[in-house]
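Contents: one structure, followed by commentary.
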Amino acid sequence: MFSTGKTNTRAAGLRAAAAVFAASAFALSGCTTLHTTAPSSVRAHGAAGAPASFGTADCRRAKCIALTFDAGPSENSPRLLDILKEKKVPTTFFLLGKRHIEKYPELVKRMAAEGHEVASHTWDHKILTEIPDREIRQELRKPDDAIEKLIGRRPTLMRPPQGRTNDAVHRICREEGLAEVLWSVTAKDYTTNDSKLIQKRVLEQASRDGIILLHDIYPGTVPAVPGIVDALKERGYVFVTVPQLLAPGKAEPGTVYRP
């Protein structure tokens with residue numbers, strides 16, 4: 001249904017960039033200390049007078065975990081969406097603009113229509129800590145404009161490429177109404193097409209309130225998802241979107257969230 005040549009080239013480029021970054025997953029530029037906020041503290045702050053449940057689960061009581069996918073949509077996304085629908089798993093998609101949102105607009109609409117959280121991974125995967133403020137703002141605004149046009153609402157979450165962020169990025173995110181979301185679990189699926197290995201890496205790192213980082217642009221990732229979901233459900237986990245993980249609190253623009 002979809003042409004794979006250009007997307008595979010794009011995925012290979014992102015894979016190479018991610019591999020360079022793998023040794024220092026949260027390295028920063030221009031910021032010596034990264035202050036992050038845990039989902040549990042957001043829930044505690046927002047809990048006073050709140051109702052008992054939120055969406056699919058009350059993560060104050062349930063053993064919640066958030067599955068997230070970066071850098072799509074891609075030709076692999078329809079199969080992923082089929083799996084998530086079959087297994088009744090809501091997730092959060094951090095989408096790229098150039099060659100992704102603009103290439104697969106119907107998939108963006110489908111993600112939103114099927115109850116997933118649609119967020120931004122910037123327009124062209126530029127490292128935000130290495131570009132001037134004007135370009136940072138453009139990298140954030142362009143995908144948000146495109147997503148809002150497609151689904152009728154503007155993203156409130158973004159994930160900085162390679163997790164690299166600093167004070168300038170925080171400030172501009174705050175001005176643009178965006179919170180930054182990092183992760184606690186990575187399968188490093190940019191280093192392997194072995195679905196069993198991807199599954200093993202996720203399961204070894206999973207814990208309550210975890211945020212799992214995967215990429216549906218790589219061929220080994222989507223086939224690993226059913227096994228990941230089934231194994232974590234057997235362990236008592238409930239899958240939620242990032243906003244559901246924070247509820248009854250809410251993500252604040254300019255704040256960085258990580259378990």
Side-chain angles (χ1 to χ4, degrees), residues 6-7 9-22 24-31 34 36 68-74 77 91-105 107-108 111-112 116-151 153-183 186 189-190 211 213-218 241-243 251 253-258:
K6 290 184 179 178
T7 301
T9 300
R10 174 68 164 169
L14 290 173
R15 188 192 301 274
V20 169
F21 183 68
S24 54
F26 295 110
L28 301 176
S29 174
C31 179
L34 176 60
T36 64
T68 72
F69 292 89
D70 282 11
S74 75
S77 300
T91 191
T92 303
F93 287 99
F94 293 93
L95 304 181
L96 275 176
K98 191 173 183 180
R99 296 184 290 276
H100 294 270
I101 294 172
E102 64 180 5
K103 185 175 182 180
Y104 302 111
L107 289 178
V108 179
M111 290 168 180
H116 304 291
E117 184 73 15
V118 179
S120 166
H121 195 41
T122 73
W123 183 255
D124 199 24
H125 208 263
K126 293 179 180 178
I127 305 305
L128 300 180
T129 55
E130 298 177 357
I131 59 178
D133 288 6
R134 175 182 56 81
E135 289 187 39
I136 295 173
R137 200 175 301 277
Q138 184 178 44
E139 281 290 298
L140 298 179
R141 280 186 180 176
K142 287 183 70 176
D144 286 1
D145 288 345
I147 290 169
E148 184 176 27
K149 185 176 180 180
L150 289 170
I151 69 173
R153 60 181 182 274
R154 200 167 185 83
T156 58
L157 306 176
M158 65 83 64
R159 176 168 284 158
Q162 299 183 355
R164 294 178 66 95
T165 186
N166 61 16
D167 291 340
V169 177
H170 306 334
R171 172 177 50 79
I172 295 170
C173 281
R174 184 166 55 252
E175 294 167 358
E176 295 295 322
L178 291 166
E180 300 173 65
V181 180
L182 300 181
W183 60 89
T186 175
D189 52 354
Y190 46 82
I211 299 177
L213 166 63
L214 293 170
H215 302 78
D216 53 324
I217 58 173
Y218 300 131
T241 65
V242 170
T255 300
V256 182
Y257 295 93
R258 183 176 71 190

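Everything quoted here is computed from the prediction, not taken from an experiment.
Here the options are Asp145, Leu107, Leu150, the test is side-chain contact (heavy atoms from CB on, under 4.5 Å), and the partner is Ile101; only Leu150 passes. Of the candidates Leu213, Val242, Thr92, Val181 forms a side-chain contact (heavy atoms from CB on, under 4.5 Å) with just one, namely Val242.
Salt bridge annotation for Arg171-Asp133: present, with a cationic side-chain nitrogen under 4.0 angstrom from a carboxylate oxygen.
Under a 3.5 Å cut-off, the side chain of Glu102 and the backbone N or O of Arg99 do form a donor-acceptor pair.
The aromatic rings of His215 and Tyr218 sit tilted relative to each other, their planes meeting at an angle between 30° and 60°.
Counting only heavy atoms from C-beta outward, the side chains of Glu130 and Asn166 never approach each other to under 4.5 Å. Here the side chains of Val256 and His170 are in contact, with some heavy-atom distance below 4.5 Å. Considering only heavy atoms from C-beta on, Val108 stays 4.5 Å or farther from His100 through its side chain. Contact of the Lys142 side chain with the Lys98 side chain is not registered, since no non-hydrogen atoms from C-beta on lie closer than 4.5 Å.
Residues that satisfy the side-chain contact (heavy atoms from CB on, under 4.5 Å) test with Glu135, not counting sequence neighbours, are Lys126, Ile131, Pro132. Listed by chain and residue number, Phe93 satisfy the ring-ring contact (aromatic ring centres under 6.0 Å, His included) test with Phe69 (two or more places apart in sequence, or in another chain). With sequence neighbours excluded, the residues that form a side-chain contact (heavy atoms from CB on, under 4.5 Å) with Ala251 are Leu157, Ala179, Leu246, Tyr257. By the side-chain contact (heavy atoms from CB on, under 4.5 Å) test, Pro160 is found to be paired with Leu128, Met158, Thr165, Glu180, Leu182, residues two or more places apart in sequence or in another chain being considered. With sequence neighbours left out, Arg153 forms a side-chain contact (heavy atoms from CB on, under 4.5 Å) with Ala112, Ile151. Under the side-chain hydrogen bond (donor to acceptor under 3.5 Å, both in side chains) criterion, Ser120 pairs with no residue at all, not counting sequence neighbours.
Atoms CZ and CG, on Arg154 and Asp144 in that order, are 4.5 Å from each other to the nearest 0.5 Å. The distance from the NE2 atom of His121 to the CD atom of Glu139 is 10.5 Å, given to the nearest 0.5 Å. To the nearest 0.5 Å, atoms CZ (Arg164) and OG1 (Thr129) are separated by 4.0 Å. Put simply, CD on Gln138 and OG1 on Thr122 are 11.0 Å apart, with the number rounded to the nearest 0.5 Å. Interatomic distance, Leu34 CG to Asp167 CG, rounded to the nearest 0.5 Å: 9.5 Å.
Here the closest non-hydrogen pair linking Asp216 and Asp70 is OD1-O, 3.6 Å. The two residues Pro73 and Tyr104 have their closest heavy-atom pair at O-CD1, 3.4 Å.
A donor and an acceptor atom, one from each side chain of Thr68 and Arg159, are located under 3.5 Å apart.
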